[in-house]
Structures are given as structure tokens and as C-alpha cells.
Amino acid sequence: MTEKLLKGKVALVTGAYRNLGAVTAEMLASYGASVVINDLDLPEIEKQRDQLLDRIRSHGVQATAISADLSRSDQIRSMCLSAIKYFGKVDILVNNAGPFSMDPYLTMKEEIYDRVMDVNLKAVYLTAKEIVPVMKANGWGRIVNMSAGSAYVRNHSIYGLAKLGVQIITEELALEVGPEVTVNAVAPGQIYESLPEILEIDPTFGERYMARSPLKTLVTRKEVALLIASLCTPAYDKVTGVTLKIDAGAEIWRF
Ligand SMILES: NC(=O)c1ccc[n+]([C@@H]2O[C@H](COP(=O)([O-])OP(=O)(O)OC[C@H]3O[C@@H](n4cnc5c(N)ncnc54)[C@H](O)[C@@H]3O)[C@@H](O)[C@H]2O)c1
């Protein structure tokens, strides 16, 4: 389907045994990249992990899985070192893992605050520390961080704070890691396939969201994955430090 624009590259996608990360990992493989997928070490997602490895390999590239909890700096470090050891390098890093909580601050447990901030935001800094030196030594690297539409509203609690932080660290890192490495972020609006989880909390969320969108639709996992993969292709070689909204226009500010 696609030209193999990423042939010979190695990608590491975090939080990728299922959902958006899995679709992104397969999209990168379809562009010719070999892929390291990461996720938590949970028995209930082992089957999805193994099926994804098979799908990635069906694109004619190599794949491996490294389980690690990205709320733990020791596990982040060992994941990065294992990925680099396995393939000899990492060229593309997609910081996709990003747990969600909209608990009000006054009742939120401190461990939720820490987990949401650590996995969404601190992991961006910790993975960069391990992987950017390798990218720079090889003369090329692409980092894509996951923000979200929640960064633009102020009633999404710690998740919105972490996702706004992702946009800021994206700009800050972009200044630090050039000229070999670019750092960009993607801010999806509500993803169609994840809507059922949100409807359990807020039954009219989907309708309200689509009514705000000039395109009257929600974005799909495949559409977000396509944008992430595209950011690693020559079309975006001169783009760094930006966050691209992909939300069918729902987050355009109005009064
Ligand atoms: N789903 C949406 O509508 C939506 C919208 C905007 C942005 N996003 C962002 O896109 C990314 C992916 O979204 P999703 O809905 O596929 O996510 P998800 O909640 O389904 O999680 C994806 C994977 O991350 C893994 N994960 C969670 N904590 C982890 C940890 N500590 N270490 C390693 N892996 C961990 C989970 O096990 C899961 O398999 C996230 O950063 C999310 O914030 C999602």
C-alpha cells in the first residue's frame, strides 16, 4: 500500500500491545520499519501481543516485544537498552503509553497523580535520555509524543495537565536534540474506537463531540497512526517542535 519510506529504520512504540499503539506499530511496519513494541507485562494482553508481532512480521520486517512499566524509571532504562541491544539502534521513538484519569484534584489519590504524570510526561524525558544519544550518533532520529485534545480544556484534570506538558516538552526537546533529531507531538481528539469507554462515564460525550466538529466525525486509530508514521517520513523533515491536532476540528477555540 505505502512506499517503504522507513525501510531499514527501527521504531520503538510504547504502550503498543493493543489499541492505538498496536495500530501505529503495524503502520510503521507497513512503511518498512522494524518495530519494538512495549507494554505492561499483563497475562490478559499476551495473546494480543503475539498476534501483533505476527502482523508486523507479515510486512517483511522484524519485530520484538519488551514488557516494561513506564511509571518505573529503572524499567524504562532497561527497555531502551534492550531495544538498542536487540536491533543495534532505535531510529524512531513513539511515546504512546498514556494512562487516563479525570478524577477531581480534591479527591484524587496521589498515586493516580504520579502514574498519569510519570507515564504520560516523565517517560518522554527518560526515554529521550537513553535513545537520543544513539539517534544522534547515527545522524537521524524521529520522536513522536502523544498529546490529546484534553490539553486544550481545563476540566480534564491531571490528564489534561500531563498532555499539555507533553506539548511543552516536545518544543523544549526539539531545541535540544537537533539537527539530527526532530521531536513532534500529535493531539488526537476522541478516538472513535475508544468512545465506548468514555460513554460509560459520560453518555452524551460522543454526540456533543461530533456536534463541535466542523467535519461532524471522530478520528479513527488508523488515521492517527497514519499521521504518526507520516511525521517520520521526508514530508516532515523540516518540521520539529510542533503539536499537530487531529480532531476533525473539534478543538478549534470559540466563544
Ligand atoms: N483513546 C483516545 O480517544 C485518545 C485520544 C487522545 C489521545 N490519546 C492518547 O493516545 C495514546 C494511546 O491511547 P489508547 O486509547 O490506545 O491508550 P490505552 O489506554 O488503550 O493504553 C494503551 C496501552 O498502554 C499500556 N500502558 C498503560 N500504562 C502503561 C505503563 N505504565 N507502561 C507501559 N504501558 C502502559 C496499556 O496496557 C495499553 O495496552 C495515549 O497516550 C492516550 O493518552 C488517546
Side-chain angles (χ1 to χ4, degrees), residues 12-27 36-49 51-52 65-80 83 93-102 111-112 114-124 126-127 144-153 156-167 169-170 185-202 205-206 209-210 213 217-225 227-228 243-248 250-251:
L12 167 60
V13 187
T14 68
Y17 293 178
R18 56 187 164 182
N19 302 347
L20 176 61
V23 179
T24 300
E26 198 179 343
M27 185 69 72
V36 181
I37 51 171
N38 149 268
D39 210 298
L40 293 167
D41 186 12
L42 299 173
E44 64 266 31
I45 53 176
E46 280 174 7
K47 197 168 162 201
Q48 284 163 291
R49 175 198 66 198
Q51 289 172 344
L52 176 61
I66 303 174
S67 298
D69 180 346
L70 301 194
S71 68
R72 297 270 311 271
S73 52
D74 56 335
Q75 293 194 27
I76 291 180
R77 184 154 198 273
S78 65
M79 171 193 72
C80 294
L93 166 64
V94 183
N95 284 303
N96 172 75
F100 173 82
S101 172
M102 270 180 52
E111 70 216 44
I112 297 285
D114 288 341
R115 178 163 277 269
V116 173
M117 285 302 270
D118 287 354
V119 182
N120 278 286
L121 184 55
K122 190 176 177 188
V124 173
L126 289 170
T127 51
V144 183
N145 299 322
M146 289 308 304
S147 183
S150 295
Y152 304 104
V153 296
H156 284 190
S157 182
I158 189 62
Y159 182 69
L161 180 63
K163 291 305 195 186
L164 185 57
V166 167
Q167 298 189 7
I169 198 172
T170 293
V186 167
Q190 179 58 47
I191 294 175
Y192 171 75
E193 293 92 335
S194 304
L195 188 60
E197 295 156 37
I198 306 297
L199 293 184
E200 281 175 27
I201 315 169
D202 182 347
F205 185 87
Y209 203 93
M210 277 187 271
S213 157
T217 188
L218 298 176
V219 69
T220 66
R221 284 180 184 146
K222 204 167 172 188
E223 288 163 342
V224 178
L227 180 58
I228 294 168
T243 296
L244 288 174
K245 288 188 206 174
I246 173 164
D247 62 359
E251 298 295 341

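Remember, it's a predicted structure, so these values are computed and weren't measured experimentally. Start at 1 and go down the list; that is how both ligands and their atoms are numbered.
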Next on the checklist: Under the criterion side chain to side chain contact (heavy atoms under 4.5 Å, CB included), I'd like the reasoning laid out for Thr24 against Val224: C-alpha separation, chi angles, the key distance, then a yes or no.
Outcome noted: CA-CA 8 Å; Thr24 300; Val224 178; 5.8 Å; no
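- Taking any N or O of Asp69, backbone or side chain, at least one lies under 3.5 Å from an N or O belonging to ligand 1.
- In this structure, of Asn96, Val186, Val13, Ile76, the residue bringing a heavy atom nearest to atom 41 (O) of ligand 1 is Asn96.
- No side-chain donor from either of Ser194 and Glu197 sits under 3.5 Å from a side-chain acceptor of the other.
- Nearest-heavy-atom check against atom 26 (N) of ligand 1 across Asn19, Asp39, Thr14 picks out Asp39.
- Side-chain atoms of Ser71 do not come within 3.5 Å of backbone N or O of Val119 as any donor-acceptor pair.
- By the criterion of a heavy-atom distance under 4.0 Å, neither the backbone nor the side chain of Ser150 is placed next to ligand 1.
- Shown in contact with Asn38 at under 4.0 Å from a heavy atom are these atoms of ligand 1, numbered in order with element: 33 (C).
- Taking each of Gln190, Gln75, Arg18, Lys163 in turn, the one with a heavy atom nearest to atom 38 (C) of ligand 1 proves to be Arg18.
- Side-chain N or O atoms of Asn38 include one that pairs as donor or acceptor with a backbone N or O of Ala68 at under 3.5 Å.
- From the protein, the heavy atom lying nearest to atom 8 (N) of ligand 1 is Tyr159 OH, 3.6 Å.
- Under a 4.0 Å heavy-atom criterion, Arg115 is in contact with ligand 1.
- Heavy-atom separations between Ala123 and ligand 1 are all 4.0 Å or longer.
- Remark: the backbone N or O of Leu40 is not paired with any side-chain donor or acceptor of Asp69 at under 3.5 angstrom.
- The protein heavy-atom contact nearest to atom 35 (C) of ligand 1 is Leu40 CG, 3.7 Å.
- By the neighbour-count criterion of 12 heavy atoms within 6.0 Å, atom CZ of Phe100 is densely surrounded, having more than that number from other residues, nucleotides or ligands.
- Taking the side chain as every heavy atom from C-beta outward, Lys122 and Met117 never approach each other to under 4.5 Å.
- Polar contact check, Leu70 against ligand 1: a nitrogen or oxygen pair lies under 3.5 Å apart.
- Looking only at heavy atoms of the protein, atom 6 (C) of ligand 1 is closest to Pro188 O, 3.2 Å.
- Under a 4.0 angstrom heavy-atom cut-off, Ala68 registers as being in contact with ligand 1.
- The shortest side-chain heavy-atom distance between Glu200 and Phe205 does not fall under the 4.5 Å cut-off.
- Among the candidates Glu193, Glu223, Met210, the single residue satisfying the side chain to side chain contact (heavy atoms under 4.5 Å, CB included) test with Leu218 is Met210.
- Checked against a 3.5 angstrom limit, the closest N/O atoms of Leu20 and ligand 1 fall inside it.
- For ligand 1, the polar-atom distance check finds an N/O of Ser194 within less than 3.5 Å of one of the ligand's N/O atoms.
- Atoms of ligand 1 found under 4.0 Å from any heavy atom of Gly189 (numbered from 1 in listed order, with element): 5 (C), 6 (C).
- The backbone N or O of Gly15 sits less than 3.5 Å from a side-chain atom of Asn96, completing a donor-acceptor pair.
- Put simply, the side chain of Val36 does not reach to within 4.5 Å of the side chain of Met79, judged on heavy atoms.
- Contact annotation for atom 17 (O) of ligand 1: protein absent (non-hydrogen atoms, distance under 4.0 Å).
- For atom 4 (C) of ligand 1, the choice among Val166, Ile191, Val224, Leu195 with the nearest heavy atom turns out to be Ile191.
- Distances from ligand 1 to the non-hydrogen atoms of Gly149 include no value under 4.0 Å.
- Contact check for Met146 versus Thr14: no side-chain heavy atoms found under the 4.5 Å cut-off.
- Applying the 4.0 Å criterion to heavy atoms of Gly15 picks out, from ligand 1, the atoms 22 (C), 23 (C), 24 (O), 25 (C), 34 (N).
- For atom 21 (O) of ligand 1, the protein comes within 4.0 Å by no heavy atom at all.
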